[in-house]
Number of protein chains: 2
Amino acid sequence: MKKEMPSCPVEVTLMLISNRWNVLIIRDLLEGTKRFGELKKSINGISPKVLTANLRAMEENGLLTRKVYPEVPPKVEYTLTDIGYSLKPILDDMVVWGTEYKRKIKKTTK
Amino acid sequence: MKKEMPSCPVEVTLMLISNRWNVLIIRDLLEGTKRFGELKKSINGISPKVLTANLRAMEENGLLTRKVYPEVPPKVEYTLTDIGYSLKPILDDMVVWGTEYKRKIKKTTK
DNA sequence: CGGAATCCGACGGGATACTG
DNA sequence: CAGTATCCCGTCGGATTCCG
């Protein structure tokens, strides 16, 4: 079973995106539906096990949907739900902040 | 030594806030300077070891400053830097998103 | 192709006791 | 008061191999 839902909203958000890969997966899926292999390729260095684990967790949390096509060879597509997509502003903010941070830290430490 | 700085801005941001406590610490310090004991009390359930570890890491990352008063009994104050404080918008977004998420999920699963 | 299975190490974190 | 010092544990993630 999954973890408890914290009462604090910040913790809730963190619970969903605070691991190493989830945000990067979301980032990729913001461009649109993708297949397992596409995700694996575009997310540099993730192992299939970890990718699967993260995708399943995110599915369970309602951030994305998994669609299996009963074909040979198999085909599985992942798509963000509306809830998942609504994280976009936060991701955008993180891009901005991260960029700024790198700039400032460089000045500070150099 | 600390971790490598990722090139991707999102990863940079995540590196700094993706653990269980850092965001909550920032959240507390957004109200203003606080002492070790105050943080420990207001952050529910954190152990002194972990709190120390996180504070030191955040200090090293330039998110906050640590000020020691050479008194007996000791007094140590923690204050956000400008960089640390600039995370506020993201935290605010996380509050909003987390609140929405809880609302929507309740509808879905119930 | 999209995983599942296995093994394994590292790290974050928890509880508790102790100290300058 | 503000930490250290231990010890211990669980989870995440990495690498690799195998399967339907």
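The basis for the numbers below is simple: all heavy atoms, side chains too, and nothing from hydrogens, waters or symmetry mates. Throughout, protein chains are lettered first and strands after them, A, B, ... in sequence-line order, and every chain is numbered starting at 1. Being a predicted model, the structure only gives us computed values, none of them experimental.
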Minimum-distance nucleotide to [X] side chain [options: [options]]:
X: Phe36(A); options: dG13(D), dG2(C), dC1(D); result: dG2(C)
X: Thr52(B); options: dG13(D), dG13(C), dG3(D); result: dG3(D)
X: Arg20(A); options: dG14(C), dA17(C), dG13(D); result: dG13(D)
X: Pro48(B); options: dG13(C), dA15(C), dT4(D); result: dT4(D)

Value in whole Å for how far the [atom2] atom of [N] lies from [atom1] of [X]:
X: Ile43(A); N: dG2(C); atom1: CD1; atom2: C1'; answer: 15 Å
X: Lys40(B); N: dA15(C); atom1: NZ; atom2: C1'; answer: 11 Å
X: Asn19(B); N: dG13(D); atom1: CG; atom2: P; answer: 13 Å
X: Asn54(B); N: dA2(D); atom1: CG; atom2: C1'; answer: 16 Å
X: Lys67(B); N: dG3(D); atom1: NZ; atom2: C1'; answer: 19 Å
X: Leu51(B); N: dA2(D); atom1: CG; atom2: P; answer: 10 Å
X: Tyr69(B); N: dG3(D); atom1: OH; atom2: P; answer: 13 Å
X: Ile46(B); N: dA2(D); atom1: CD1; atom2: C1'; answer: 14 Å

Can you confirm whether [X] sits close enough to [Y] that some side-chain heavy atom of one is under 4.5 Å from a side-chain heavy atom of the other?
X: Met94(B); Y: Ile90(A); answer: yes
X: Ile25(B); Y: Leu55(B); answer: yes
X: Arg35(A); Y: Lys40(A); answer: no

Using a cut-off of strictly less than 4.0 Å, decide whether [X] has a side-chain nitrogen or oxygen near OP1 or OP2 of [N].
X: Arg56(A); N: dA4(C); value: yes
X: Arg35(A); N: dC1(C); value: no
X: Arg66(B); N: dA2(D); value: no

Would you say Ser18(A) and Ser18(B) are linked by a side-chain donor-acceptor pair, where the criterion is simply a distance under 3.5 Å?
no
With sugar-phosphate meaning primed atoms plus P, OP1 and OP2, does Lys49(B) contact a base, only sugar-phosphate, or nothing at under 4.0 Å between heavy atoms?
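Lys49(B): base contact, heavy atoms under 4.0 Å.
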With nearest nucleotides of DNA chain D determined for Gly37(B) and Ser47(A) from heavy-atom distances, which residue corresponds to the more 5′ nucleotide?
Gly37(B)
Are Glu100(A) and Arg103(A) close enough for a salt bridge, meaning some N to O gap below 4.0 Å?
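Counted as a salt bridge, because a side-chain N and a carboxylate O are separated by less than 4.0 Å.
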Using 4.0 Å as the upper bound for N to carboxylate O, is an ion pair formed by Glu60(A) and Arg56(A)?
no
Kindly state which residues belonging to residues 73-81 of chain A come within less than 4.0 angstrom of DNA chain C, counting heavy atoms of the residue only, listed by number.
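The answer is Pro73(A), Pro74(A), Lys75(A), Val76(A), Tyr78(A).
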Can you confirm if the NZ or CZ of Lys34(A) lies within 45° of the ring axis of Tyr78(A) and under 6.0 Å from the centre of its six-membered ring?
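Because its charged atom misses either the 6.0 Å distance or the 45° angle limit, Lys34(A) does not stack over Tyr78(A).
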